[in-house]
Peer 1: 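What follows is a structure written as C-alpha coordinates; I'll ask about it next.
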Amino acid sequence: MSNQSKPLDGIRVIDMTRLAPGPYGTMLLADLGAEVIVVGGGRAGPPVSSFSRGKKFISLDLKSEQGQLALARLCDSADVFIEGFRPGVASRLGAGYETLSASNPRLIYCSLTGYGQTGPRAQEAGHDINYLGYTGVLGSMGPIDGPPQIPLNAIADMAGGGMLAVIGILAALQERQRTGLGQQVDAAMIDGCLSLIAMHFPAWRTAAMPARGDGWLAGAAPNYRCYRCADGGYMAVGSLEPQFFDALWRTLELGDVPDAMSHSAWPAIERLLEATFLTLPRDAWVARFEGVDACVTPVLAPDEVWRDRQVQSRVDPQRPQEVPAIPRFSRSAIAPAAVDLRDHSVAVLSSVGLSAADIEVASPPAQRGAQDGLAWPPRFTD
(Lines give C-alpha, C1' and ligand atoms only; values in the text may rest on other atoms or scores of the structure.)
Protein backbone atom coordinates (compact mmCIF):
# COMPACT_ATOMS: atom_id res chain seq x y z
CA MET A 1 0.00 0.00 0.00
CA SER A 2 1.32 3.47 -0.86
CA ASN A 3 0.46 6.92 0.40
CA GLN A 4 0.75 10.30 -1.22
CA SER A 5 3.21 11.75 1.26
CA LYS A 6 6.90 11.80 0.37
CA PRO A 7 9.77 10.96 2.75
CA LEU A 8 11.04 14.56 2.93
CA ASP A 9 7.72 16.41 2.95
CA GLY A 10 8.05 19.49 5.17
CA ILE A 11 11.82 19.83 4.74
CA ARG A 12 12.92 23.17 3.29
CA VAL A 13 16.26 23.32 1.47
CA ILE A 14 18.03 26.54 0.47
CA ASP A 15 20.30 25.78 -2.47
CA MET A 16 23.22 28.02 -3.37
CA THR A 17 25.12 25.50 -5.49
CA ARG A 18 25.95 25.88 -9.16
CA LEU A 19 26.89 23.76 -12.18
CA ALA A 20 26.26 20.03 -11.56
CA PRO A 21 27.19 18.24 -8.27
CA GLY A 22 25.11 20.31 -5.86
CA PRO A 23 22.13 20.77 -8.20
CA TYR A 24 22.09 17.02 -8.81
CA GLY A 25 22.00 16.38 -5.07
CA THR A 26 19.23 18.90 -4.45
CA MET A 27 17.22 17.42 -7.32
CA LEU A 28 17.35 14.11 -5.47
CA LEU A 29 16.12 15.86 -2.32
CA ALA A 30 13.32 17.53 -4.30
CA ASP A 31 12.27 14.18 -5.77
CA LEU A 32 12.03 12.88 -2.20
CA GLY A 33 9.64 15.67 -1.29
CA ALA A 34 11.83 18.49 0.01
CA GLU A 35 10.97 22.06 -0.92
CA VAL A 36 14.11 23.26 -2.69
CA ILE A 37 14.59 27.01 -3.15
CA VAL A 38 17.46 27.89 -5.47
CA VAL A 39 19.02 31.26 -4.72
CA GLY A 40 20.38 32.77 -7.91
CA GLY A 41 22.09 36.03 -8.70
CA GLY A 42 25.67 37.01 -9.34
CA ARG A 43 28.04 35.95 -12.08
CA ALA A 44 27.90 32.22 -11.28
CA GLY A 45 24.57 31.88 -13.07
CA PRO A 46 21.98 29.11 -12.61
CA PRO A 47 22.72 25.40 -12.27
CA VAL A 48 22.81 22.95 -15.16
CA SER A 49 19.28 22.86 -16.52
CA SER A 50 19.07 19.04 -16.35
CA PHE A 51 18.69 19.26 -12.57
CA SER A 52 16.02 21.97 -12.34
CA ARG A 53 12.97 19.83 -11.69
CA GLY A 54 10.97 20.27 -8.52
CA LYS A 55 12.69 23.53 -7.50
CA LYS A 56 11.70 27.15 -6.97
CA PHE A 57 14.08 29.78 -8.32
CA ILE A 58 14.61 33.16 -6.70
CA SER A 59 17.16 35.92 -7.18
CA LEU A 60 18.97 37.90 -4.48
CA ASP A 61 21.54 40.65 -4.68
CA LEU A 62 23.98 39.24 -2.14
CA LYS A 63 26.33 42.18 -2.53
CA SER A 64 23.72 44.32 -0.82
CA GLU A 65 23.02 44.31 2.91
CA GLN A 66 19.31 43.85 2.23
CA GLY A 67 19.99 40.85 0.03
CA GLN A 68 22.10 39.22 2.72
CA LEU A 69 19.47 39.94 5.34
CA ALA A 70 16.84 38.37 3.09
CA LEU A 71 18.97 35.24 2.72
CA ALA A 72 19.42 35.05 6.49
CA ARG A 73 15.66 35.38 7.01
CA LEU A 74 15.09 32.63 4.47
CA CYS A 75 17.60 30.35 6.22
CA ASP A 76 15.86 30.95 9.54
CA SER A 77 12.87 29.15 8.00
CA ALA A 78 14.96 26.33 6.51
CA ASP A 79 16.07 22.87 7.56
CA VAL A 80 18.99 22.61 5.13
CA PHE A 81 21.36 25.08 3.50
CA ILE A 82 23.78 23.84 0.83
CA GLU A 83 26.53 25.84 -0.85
CA GLY A 84 29.34 24.96 -3.23
CA PHE A 85 31.73 27.89 -2.91
CA ARG A 86 35.40 27.73 -2.02
CA PRO A 87 35.91 27.96 1.76
CA GLY A 88 35.33 31.51 3.02
CA VAL A 89 33.23 32.77 0.11
CA ALA A 90 29.87 32.04 1.73
CA SER A 91 31.00 33.90 4.87
CA ARG A 92 31.80 36.98 2.78
CA LEU A 93 28.22 36.83 1.47
CA GLY A 94 26.85 36.79 5.00
CA ALA A 95 26.01 33.09 4.67
CA GLY A 96 28.76 31.38 6.64
CA TYR A 97 28.01 28.45 8.92
CA GLU A 98 28.70 30.37 12.12
CA THR A 99 26.36 33.20 11.12
CA LEU A 100 23.44 31.10 9.91
CA SER A 101 23.64 28.48 12.66
CA ALA A 102 23.76 31.16 15.36
CA SER A 103 20.35 32.34 14.19
CA ASN A 104 18.98 28.87 13.39
CA PRO A 105 20.70 26.21 15.54
CA ARG A 106 18.65 23.45 13.88
CA LEU A 107 20.04 24.24 10.42
CA ILE A 108 21.88 21.51 8.53
CA TYR A 109 24.60 23.39 6.64
CA CYS A 110 26.24 21.42 3.82
CA SER A 111 29.40 22.66 2.12
CA LEU A 112 30.02 20.73 -1.11
CA THR A 113 33.46 21.30 -2.63
CA GLY A 114 36.14 19.46 -4.55
CA TYR A 115 38.85 19.42 -1.90
CA GLY A 116 36.95 20.05 1.33
CA GLN A 117 37.00 22.80 3.93
CA THR A 118 40.52 22.05 5.16
CA GLY A 119 43.89 21.08 3.72
CA PRO A 120 46.48 22.65 1.41
CA ARG A 121 44.28 22.45 -1.71
CA ALA A 122 41.05 23.68 -0.11
CA GLN A 123 41.20 26.96 -2.05
CA GLU A 124 42.09 25.45 -5.42
CA ALA A 125 39.73 25.22 -8.35
CA GLY A 126 39.01 21.85 -9.89
CA HIS A 127 36.68 19.70 -11.95
CA ASP A 128 35.71 16.03 -11.99
CA ILE A 129 38.86 15.07 -13.92
CA ASN A 130 41.10 16.69 -11.29
CA TYR A 131 39.47 14.95 -8.33
CA LEU A 132 39.71 11.63 -10.17
CA GLY A 133 43.37 12.34 -10.86
CA TYR A 134 44.25 12.97 -7.22
CA THR A 135 42.45 9.91 -5.87
CA GLY A 136 43.75 7.09 -8.05
CA VAL A 137 40.51 6.64 -9.96
CA LEU A 138 41.85 8.13 -13.20
CA GLY A 139 45.22 6.44 -12.75
CA SER A 140 43.55 3.03 -12.78
CA MET A 141 41.35 3.53 -15.86
CA GLY A 142 42.23 3.21 -19.52
CA PRO A 143 44.50 1.08 -21.72
CA ILE A 144 47.92 -0.11 -20.62
CA ASP A 145 49.68 1.53 -23.58
CA GLY A 146 47.66 4.77 -23.69
CA PRO A 147 46.65 7.71 -21.51
CA PRO A 148 44.15 7.30 -18.67
CA GLN A 149 40.56 7.00 -19.90
CA ILE A 150 38.36 9.89 -18.76
CA PRO A 151 34.94 8.67 -17.60
CA LEU A 152 31.85 10.85 -17.64
CA ASN A 153 31.54 13.08 -14.59
CA ALA A 154 29.18 10.59 -12.95
CA ILE A 155 31.97 9.49 -10.58
CA ALA A 156 33.38 12.55 -8.81
CA ASP A 157 30.67 15.13 -9.49
CA MET A 158 27.55 13.03 -9.10
CA ALA A 159 28.43 10.02 -6.93
CA GLY A 160 31.39 11.45 -5.00
CA GLY A 161 29.79 14.88 -4.78
CA GLY A 162 26.03 15.20 -5.11
CA MET A 163 25.14 11.81 -3.64
CA LEU A 164 27.72 12.18 -0.86
CA ALA A 165 26.15 15.51 0.09
CA VAL A 166 22.69 13.92 0.17
CA ILE A 167 23.95 11.12 2.43
CA GLY A 168 25.48 13.68 4.80
CA ILE A 169 22.34 15.83 4.84
CA LEU A 170 20.03 12.88 5.53
CA ALA A 171 22.31 11.60 8.30
CA ALA A 172 22.46 15.06 9.90
CA LEU A 173 18.66 15.37 9.73
CA GLN A 174 18.36 12.02 11.50
CA GLU A 175 20.88 13.06 14.16
CA ARG A 176 18.93 16.29 14.67
CA GLN A 177 15.94 14.19 15.67
CA ARG A 178 17.90 13.10 18.75
CA THR A 179 19.76 16.28 19.65
CA GLY A 180 17.60 19.08 18.26
CA LEU A 181 20.72 20.63 16.75
CA GLY A 182 21.99 21.07 13.22
CA GLN A 183 25.62 20.86 12.13
CA GLN A 184 27.92 21.48 9.18
CA VAL A 185 28.43 18.72 6.63
CA ASP A 186 31.81 18.92 4.86
CA ALA A 187 31.24 16.96 1.62
CA ALA A 188 34.44 16.85 -0.45
CA MET A 189 34.54 15.17 -3.83
CA ILE A 190 38.03 13.79 -3.25
CA ASP A 191 36.68 12.08 -0.12
CA GLY A 192 33.84 10.65 -2.14
CA CYS A 193 36.22 9.34 -4.81
CA LEU A 194 38.47 7.74 -2.20
CA SER A 195 35.44 5.99 -0.75
CA LEU A 196 34.20 4.81 -4.16
CA ILE A 197 37.55 3.29 -5.11
CA ALA A 198 38.22 1.80 -1.67
CA MET A 199 37.91 -1.87 -2.69
CA HIS A 200 40.49 -1.42 -5.46
CA PHE A 201 43.36 0.01 -3.38
CA PRO A 202 44.28 -3.38 -1.86
CA ALA A 203 44.20 -4.96 -5.34
CA TRP A 204 46.61 -2.46 -6.91
CA ARG A 205 49.92 -4.02 -8.04
CA THR A 206 48.58 -7.50 -7.36
CA ALA A 207 47.56 -10.13 -9.91
CA ALA A 208 43.99 -8.82 -9.69
CA MET A 209 45.03 -5.30 -10.77
CA PRO A 210 48.73 -5.16 -11.70
CA ALA A 211 48.55 -1.88 -13.65
CA ARG A 212 46.21 0.55 -15.36
CA GLY A 213 44.11 -1.31 -17.88
CA ASP A 214 45.29 -4.68 -16.63
CA GLY A 215 43.55 -7.03 -14.27
CA TRP A 216 40.36 -8.83 -13.53
CA LEU A 217 37.92 -5.87 -13.57
CA ALA A 218 39.84 -3.52 -15.86
CA GLY A 219 38.90 -5.11 -19.17
CA ALA A 220 41.93 -7.38 -19.45
CA ALA A 221 40.11 -10.52 -18.32
CA PRO A 222 38.35 -12.11 -21.32
CA ASN A 223 35.26 -12.82 -19.23
CA TYR A 224 34.85 -9.19 -18.14
CA ARG A 225 35.07 -6.91 -21.16
CA CYS A 226 33.19 -5.72 -24.25
CA TYR A 227 33.21 -7.53 -27.59
CA ARG A 228 32.59 -6.02 -30.99
CA CYS A 229 29.81 -7.55 -33.09
CA ALA A 230 29.32 -7.90 -36.83
CA ASP A 231 27.38 -4.64 -37.13
CA GLY A 232 29.79 -2.57 -35.04
CA GLY A 233 27.74 -2.87 -31.88
CA TYR A 234 29.11 -4.31 -28.65
CA MET A 235 28.15 -6.91 -26.09
CA ALA A 236 29.16 -6.54 -22.44
CA VAL A 237 30.40 -9.82 -20.98
CA GLY A 238 30.42 -9.97 -17.17
CA SER A 239 30.71 -13.73 -16.74
CA LEU A 240 33.03 -13.61 -13.74
CA GLU A 241 31.73 -16.46 -11.60
CA PRO A 242 32.26 -20.04 -12.84
CA GLN A 243 28.56 -20.74 -13.35
CA PHE A 244 28.14 -17.62 -15.50
CA PHE A 245 31.25 -18.34 -17.56
CA ASP A 246 30.06 -21.89 -18.07
CA ALA A 247 26.70 -20.56 -19.33
CA LEU A 248 28.49 -18.11 -21.66
CA TRP A 249 30.70 -20.80 -23.14
CA ARG A 250 27.94 -23.34 -23.61
CA THR A 251 25.55 -20.79 -25.14
CA LEU A 252 28.23 -19.93 -27.69
CA GLU A 253 28.76 -23.69 -28.30
CA LEU A 254 32.53 -23.38 -28.01
CA GLY A 255 33.25 -26.87 -26.69
CA ASP A 256 35.02 -27.76 -23.46
CA VAL A 257 34.89 -24.93 -20.91
CA PRO A 258 38.38 -23.55 -20.12
CA ASP A 259 39.55 -22.18 -16.77
CA ALA A 260 38.83 -18.45 -16.90
CA MET A 261 40.83 -17.89 -13.70
CA SER A 262 44.03 -19.05 -15.38
CA HIS A 263 46.10 -16.14 -16.72
CA SER A 264 47.77 -18.42 -19.23
CA ALA A 265 44.37 -19.29 -20.73
CA TRP A 266 43.28 -15.68 -21.21
CA PRO A 267 44.80 -15.04 -24.68
CA ALA A 268 43.17 -18.11 -26.21
CA ILE A 269 39.80 -17.39 -24.56
CA GLU A 270 39.91 -13.78 -25.77
CA ARG A 271 40.74 -14.73 -29.35
CA LEU A 272 37.91 -17.24 -29.50
CA LEU A 273 35.34 -14.88 -27.98
CA GLU A 274 36.42 -12.00 -30.26
CA ALA A 275 36.06 -14.16 -33.36
CA THR A 276 32.71 -15.58 -32.23
CA PHE A 277 31.01 -12.28 -31.39
CA LEU A 278 32.11 -10.88 -34.77
CA THR A 279 29.99 -13.47 -36.57
CA LEU A 280 26.59 -11.93 -35.70
CA PRO A 281 25.14 -8.44 -35.20
CA ARG A 282 24.59 -7.23 -31.65
CA ASP A 283 20.85 -7.73 -31.50
CA ALA A 284 21.20 -11.31 -32.70
CA TRP A 285 23.41 -11.94 -29.68
CA VAL A 286 20.87 -10.23 -27.47
CA ALA A 287 18.28 -12.71 -28.70
CA ARG A 288 20.68 -15.63 -28.21
CA PHE A 289 21.35 -14.73 -24.59
CA GLU A 290 17.75 -13.86 -23.72
CA GLY A 291 16.88 -15.76 -20.55
CA VAL A 292 20.41 -17.15 -20.14
CA ASP A 293 22.00 -16.51 -16.74
CA ALA A 294 25.42 -15.58 -18.10
CA CYS A 295 25.64 -11.83 -17.36
CA VAL A 296 25.91 -11.01 -21.08
CA THR A 297 24.08 -7.88 -22.20
CA PRO A 298 24.12 -5.30 -25.01
CA VAL A 299 26.00 -2.02 -24.76
CA LEU A 300 23.26 0.52 -25.43
CA ALA A 301 23.82 4.04 -26.69
CA PRO A 302 22.06 6.76 -24.65
CA ASP A 303 19.30 7.12 -27.24
CA GLU A 304 18.63 3.35 -27.15
CA VAL A 305 18.19 3.13 -23.39
CA TRP A 306 14.54 4.16 -23.38
CA ARG A 307 13.55 1.26 -25.65
CA ASP A 308 14.84 -1.36 -23.22
CA ARG A 309 11.94 -3.19 -21.62
CA GLN A 310 13.47 -3.22 -18.15
CA VAL A 311 14.06 0.54 -18.26
CA GLN A 312 10.55 1.05 -19.61
CA SER A 313 9.18 -0.88 -16.65
CA ARG A 314 10.89 1.55 -14.24
CA VAL A 315 9.88 4.89 -15.79
CA ASP A 316 6.57 6.72 -16.06
CA PRO A 317 4.88 5.59 -19.30
CA GLN A 318 3.39 9.08 -19.63
CA ARG A 319 6.92 10.56 -19.67
CA PRO A 320 8.94 7.75 -21.24
CA GLN A 321 12.31 9.50 -21.37
CA GLU A 322 12.33 11.13 -17.95
CA VAL A 323 14.96 10.01 -15.48
CA PRO A 324 13.05 8.37 -12.61
CA ALA A 325 13.00 9.59 -9.04
CA ILE A 326 15.11 7.27 -6.89
CA PRO A 327 14.93 5.09 -4.87
CA ARG A 328 11.50 3.47 -4.72
CA PHE A 329 9.67 2.97 -1.44
CA SER A 330 7.07 0.44 -0.34
CA ARG A 331 4.72 3.07 1.13
CA SER A 332 5.81 6.51 -0.04
CA ALA A 333 5.01 7.46 -3.61
CA ILE A 334 7.68 9.60 -5.24
CA ALA A 335 7.83 10.91 -8.78
CA PRO A 336 9.82 13.47 -10.76
CA ALA A 337 8.38 16.93 -10.22
CA ALA A 338 7.74 19.38 -13.01
CA VAL A 339 10.34 21.92 -14.08
CA ASP A 340 9.30 25.48 -13.21
CA LEU A 341 11.87 28.11 -14.19
CA ARG A 342 9.67 31.07 -13.29
CA ASP A 343 11.09 33.50 -10.76
CA HIS A 344 9.46 33.01 -7.33
CA SER A 345 11.37 35.74 -5.51
CA VAL A 346 8.36 37.80 -4.47
CA ALA A 347 6.26 34.87 -3.26
CA VAL A 348 9.10 33.15 -1.38
CA LEU A 349 10.44 36.30 0.28
CA SER A 350 6.95 37.47 1.20
CA SER A 351 6.37 34.12 2.92
CA VAL A 352 9.22 34.82 5.37
CA GLY A 353 7.94 38.29 6.25
CA LEU A 354 9.78 40.67 3.91
CA SER A 355 7.86 43.75 2.86
CA ALA A 356 7.39 44.73 -0.76
CA ALA A 357 9.88 47.56 -0.33
CA ASP A 358 12.49 45.23 1.17
CA ILE A 359 12.01 42.74 -1.63
CA GLU A 360 12.59 45.41 -4.27
CA VAL A 361 16.04 46.06 -2.77
CA ALA A 362 16.99 42.51 -1.86
CA SER A 363 15.84 41.11 -5.20
CA PRO A 364 16.07 43.85 -7.85
CA PRO A 365 13.48 43.19 -10.58
CA ALA A 366 16.16 43.53 -13.27
CA GLN A 367 17.98 40.50 -11.86
CA ARG A 368 15.00 38.21 -11.55
CA GLY A 369 14.50 35.26 -13.83
CA ALA A 370 17.87 35.55 -15.53
CA GLN A 371 18.74 32.05 -16.77
CA ASP A 372 21.98 32.94 -18.55
CA GLY A 373 24.36 30.50 -16.90
CA LEU A 374 25.71 27.22 -18.25
CA ALA A 375 23.31 25.85 -20.85
CA TRP A 376 23.24 22.10 -21.28
CA PRO A 377 24.22 20.66 -23.60
CA PRO A 378 26.68 23.45 -24.43
CA ARG A 379 26.60 25.06 -27.86
CA PHE A 380 29.82 24.91 -29.84
CA THR A 381 30.97 26.94 -32.82
CA ASP A 382 33.00 25.76 -35.80
Side-chain angles (χ1 to χ4, degrees), residues 132 137-152 154-155 159 196-197 199-200 202-315 320-321:
L132 298 179
V137 178
L138 199 57
S140 60
M141 303 179 95
I144 298 174
D145 56 354
Q149 187 68 47
I150 302 171
L152 291 176
I155 297 179
L196 290 166
I197 198 178
M199 70 172 278
H200 299 291
W204 184 245
R205 301 301 188 196
T206 71
M209 194 179 184
R212 184 179 73 247
D214 192 8
W216 203 39
L217 300 180
N223 55 335
Y224 199 80
R225 54 160 290 186
C226 297
Y227 288 94
R228 187 178 177 88
C229 304
D231 59 349
Y234 284 86
M235 292 294 286
V237 172
S239 308
L240 288 177
E241 292 83 355
Q243 70 272 24
F244 298 141
F245 184 71
D246 184 84
L248 162 72
W249 208 258
R250 295 188 186 284
T251 301
L252 295 177
E253 300 178 345
L254 297 178
D256 293 337
V257 181
D259 181 6
M261 293 303 291
S262 170
H263 272 283
S264 62
W266 282 10
I269 295 172
E270 180 178 353
R271 286 194 298 270
L272 192 50
L273 291 178
E274 282 184 340
T276 302
F277 277 107
L278 277 172
T279 62
L280 292 173
R282 185 196 68 183
D283 289 350
W285 289 120
V286 173
R288 175 79 65 89
F289 280 93
E290 185 71 30
V292 177
D293 237 5
C295 301
V296 178
T297 57
V299 177
L300 301 180
D303 59 345
E304 295 180 291
V305 168
W306 310 103
R307 296 195 294 272
D308 177 72
R309 60 194 178 98
Q310 178 64 24
V311 172
Q312 289 180 345
S313 76
R314 304 289 292 184
V315 299
Q321 294 192 7

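Basis for what follows: all heavy atoms, side chains included, without hydrogens, waters or symmetry-related copies.
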Peer 1: Within a strict 4.5 Å, meaning less than it, do heavy atoms of the Y227 and P222 side chains meet?
Peer 2: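 Yes - at least one pair of side-chain heavy atoms lies under 4.5 Å apart.
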Peer 1: Is there a side-chain contact (heavy atoms from CB on, under 4.5 Å) between L217 and L240? Walk through the geometry before answering.
Peer 2: CA-CA 9 Å; L217 300 180; L240 288 177; 3.7 Å; yes
Peer 1: To the nearest 0.5 Å, how far apart are CG in L248 and CG in L254?
Peer 2: 7.5 Å
Peer 1: Give me the atom names and distance for the closest heavy-atom approach of L300 to D308.
Peer 2: CD1-CB, 4.1 Å
Peer 1: Which residues pass the side-chain hydrogen bond (donor to acceptor under 3.5 Å, both in side chains) test with R307, not counting sequence neighbours?
Peer 2: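 So R307 forms no side-chain hydrogen bond (donor to acceptor under 3.5 Å, both in side chains) with any residue.
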Peer 1: Enumerate donor-acceptor pairs with a distance under 3.5 Å from any side-chain N or O in residues 277-288 to protein atoms, sequence neighbours excluded.
Peer 2:
residue: T279; atom: OG1; partner: T276; partner atom: O; Å: 2.5
residue: R282; atom: NH1; partner: V299; partner atom: O; Å: 3.0
residue: R282; atom: NH1; partner: E304; partner atom: OE1; Å: 3.1
residue: R282; atom: NH1; partner: E304; partner atom: OE2; Å: 3.4
residue: R282; atom: NH2; partner: E304; partner atom: OE2; Å: 2.7
residue: W285; atom: NE1; partner: F277; partner atom: O; Å: 3.0
residue: W285; atom: NE1; partner: L280; partner atom: O; Å: 3.2
residue: R288; atom: NH1; partner: T251; partner atom: O; Å: 3.3

Peer 1: What's the shortest heavy-atom distance between M199 and P202, and which atoms?
Peer 2: O-CD, 3.5 Å
Peer 1: Please check if the side chain of R212 supplies one atom and the backbone of G146 the other of a donor-acceptor pair under 3.5 Å.
Peer 2: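 Such a contact is found between R212 side chain and G146 backbone.
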Peer 1: Whether the side chain of R228 engages the backbone of Y234 through a donor-acceptor N/O pair (distance < 3.5 Å, no angle test) should be reported.
Peer 2: no
Peer 1: Under a 3.5 Å distance rule, please check whether S239 uses its side chain to pair with a backbone N or O of N223 as donor and acceptor.
Peer 2: no
Peer 1: Minimum heavy-atom separation for M209 to S140, with atom names?
Peer 2: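 Minimum heavy-atom separation between M209 and S140: CE-CB, 3.3 Å.
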Peer 1: Are V257 and R250 close enough, and set up right, to give a side-chain contact (heavy atoms from CB on, under 4.5 Å), and what steps lead you there?
Peer 2: CA-CA 8 Å; V257 181; R250 295 188 186 284; 3.9 Å; yes
Peer 1: What are the two closest heavy atoms between P143 and P147, and how far apart are they?
Peer 2: CD-O, 3.6 Å
Peer 1: What are the two closest non-hydrogen atoms of W249 and G255, and how far apart are they?
Peer 2: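 In terms of heavy atoms, the two residues are closest at CD1-O, 3.3 Å.
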Peer 1: Near Y224 OH, under 6.0 Å, is it more than 12 heavy atoms from other residues, nucleotides or ligands?
Peer 2: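 Check fails, neighbour count at 12 or below.
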Peer 1: How far apart are the C-alpha atoms of V137 and L196, what are their side-chain angles, what is the distance that settles it, and do they pass the side-chain contact (heavy atoms from CB on, under 4.5 Å) test?
Peer 2: CA-CA 9 Å; V137 178; L196 290 166; over 6 Å; no
Peer 1: Could you list the residues that satisfy ring-ring contact (aromatic ring centres under 6.0 Å, His included) with W216, not counting sequence neighbours?
Peer 2: none
